[in-house]
Amino acid sequence: MNVARMVIGADLVDSDVHFDAVNPFTGETWATVAQATTADVDAAVAAARECFVSTWRKTPGVERARLMNALADAVEKDAARLADLETTDNGKIIRETTTQMHFTARNLRFFAGCADKIYGRTIPLDKPGMFDYTVREPYGVAALITPWNSPIAALANKLPAALAAGNTVVVKPSEHGSYTTCDFAKLALDVGFPPGVINVVNGDGAVGDYLTRHPGIDIISFTGGSGTGSRIAANAAIRTIPVTLELGGKSPNIIFDDANLDKAIPGAVAGIFAAAGQTCVAGSRLLVQQGVYDQVLTALGELAGRIKVGDPKNPATEMGPIANRPQYDRILALMEVGREQGATVVAGGGPASGGELNRGLFIEPTVFGHVTEDMRIAQEEIFGPVLSILPFTDEADAIRIANATEFGLVAGVWTQNISRAHRLIDSLDAGVVWVNTYRSNAAQAPFGGVKRSGYGRERGEDAIEEYTYVKNVMLDYSDLERDPFQVKI
Ligand code: NAD
């Protein structure tokens with residue numbers, strides 16, 4: 001049996017206690033994962049601290065960049081194997097996990113490029129003989145906590161910026177998706193990262209809670225559910241350390257009458273059925289203007305029915321299984337609520353079965369029509385292949401409905417009217433707005449949410465700011481003798 005060992009300093013660490021890694025396509029336990037004790041977490045934090053103080057913060061940016069580029073090379077070389085592992089572990093289709101591995105390498109390279117360009121400023125003062133400048137300093141040891149839906153891709157949104165800025169890290173992957181993260185950290189040791197820069201401890205929320213309360217942690221970056229995010233933010237507040245939160249969403253994907261439907265309808269499919277809807281950016285609320293509502297509803301019902309559901313390792317498969325049993329149960333329960341509250345099932349509506357599907361956690365691509373704003377399926381994150389379609393009358397109505405949830409991660413706008421697009425961009429509560437596209441990402445483009453979708457930004461140069469603080473330096477080069485009893489302003 002494969003064992004996912006933790007990475008603590010230079011050591012691959014096993015444990016007396018293990019939990020199972022279950023393949024959601026076959027239902028089989030394919031690996032076991034070494035579960036961290038509190039002593040393991042202490043050791044990982046200590047290793048990260050020691051390395052930060054003795055080595056990493058003193059390592060020049062060009063050298064950090066060299067190592068990050070070497071890791072990018074290794075990930076690219078190993079992309080097929082890593083993607084296969086990720087798909088085995090969480091059921092995400094192989095073409096998606098393969099793309100994620102290459103995007104991980106891309107992010108590493110982007111931030112490698114930043115590592116020797118983290119500049120401060122020189123600041124002219126209104127005082128003779130004083131020189132003022134700023135430098136950006138790493139915080140120290142960062143706790144990076146990731147969810148199960150995309151363990152490596154989520155890590156790749158955090159780790160490169162943290163390392164480029166000069167922090168060392170302790171990663172805590174999800175108990176439902178730990179294997180690839182352990183493998184990835186081992187790869188980093190293999191390419192020559194100093195032991196202690198990247199440490200991994202495995203376990204559930206209790207391990208995450210212990211880590212985020214640990215006195216050796218200087219900054220937290222979390223991706224996961226909004227409720228967990230609030231608890232982690234509370235832990236960070238008690239210790240007065242910074243935290244960034246990438247949380248859930250109920251993102252509106254808005255189709256206007258004037259949209260190019262040949263693009264917008266596939267965009268709606270990408271928004272909800274890619275990754276079987278298990279993505280924070282899922283466009284799970286499709287807002288459609290009345291003039292094209294029936295046409296869009298019918299088209300999506302047909303397209304949902306044609307999606308190839310099956311073996312996630314088959315390159316032809318378009319939708320794999322749900323990643324784990326608790327999530328599978330939750331999706332089915334919310335679908336039931338949708339029915340009870342009066343939404344119309346246009347496609348799907350239950351577990352997908354037959355042939356190879358019978359072994360795994362499959363759910364039919366589901367479309368609910370005539371959803372009203374007050375329904376739970378219009379308000380709560382389902383995190384599965386379930387689309388709620390809501391009609392709207394005009395621009396003001398679209399904006400009102402789009403903003404009427406507690407979330408604010410991303411939004412999609414489909415229109416050929418450039419002025420309307422800009423008015424929507426100005427009015428939507430979202431950290432990312434996609435116009436005539438959906439689920440588009442780039443290493444250079446910052447990502448993150450507002451409201452209960454969190455705060456802080458990942459990717460792009462903005463991410464460097466999250467992992468550094470500003471140190472101001474004042475230097476007196478005058479010969480002036482200043483009054484010691486008077487503040488120098
Ligand atoms: P989750 O919040 O249950 O768990 C996320 C991580 O937090 C796991 O590693 C878990 O072990 C850990 N954790 C749980 N309780 C903790 C605690 N009290 N203290 C510290 N750590 C704790 O989320 P999940 O079910 O793994 O992932 C799904 C959620 O993640 C969805 O809400 C989804 O929208 C969100 N997500 C957000 C993004 C984004 O970038 N915004 C990306 C992917 C997923």
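Keep in mind that the numbers below use all heavy atoms, side chains included, and drop hydrogens, waters and symmetry copies. Start at 1 and go down the list; that is how both ligands and their atoms are numbered.
For Asn149, there are no side chain to side chain donor-acceptor pair (under 3.5 Å) partners at least two apart in sequence or on another chain. Residues satisfying the ring pair (Phe, Tyr, Trp, His ring centres under 6.0 Å) test with Phe392, not counting sequence neighbours, are Phe256. Residues passing the salt bridge (charged side-chain N to carboxylate O under 4.0 Å, His left out) test with Asp11: none are found, sequence neighbours excluded.
The immediate protein surroundings of ligand 1, defined as residues with any heavy atom under 4.0 Å of it, consist of Ile145, Thr146, Pro147, Trp148, Asn149, Lys172, Pro173, Ser174, Glu175, Asp204, Gly205, Gly208, Asp209, Phe222, Thr223, Gly224, Gly225, Thr228, Arg231, Ile232, Glu246, Leu247, Gly248, Cys280, Glu381, Phe383, Leu409, Phe447.
With respect to Arg49 and Asp218, a salt bridge is recorded, a charged nitrogen being found less than 4.0 Å from a carboxylate O.
Looking only at distances, no side-chain donor or acceptor of Lys451 sits under 3.5 Å from a matching main-chain atom of Leu409. Checking side-chain atoms of Glu86 against main-chain N and O of Thr97 turns up no donor-acceptor pair under 3.5 Å.
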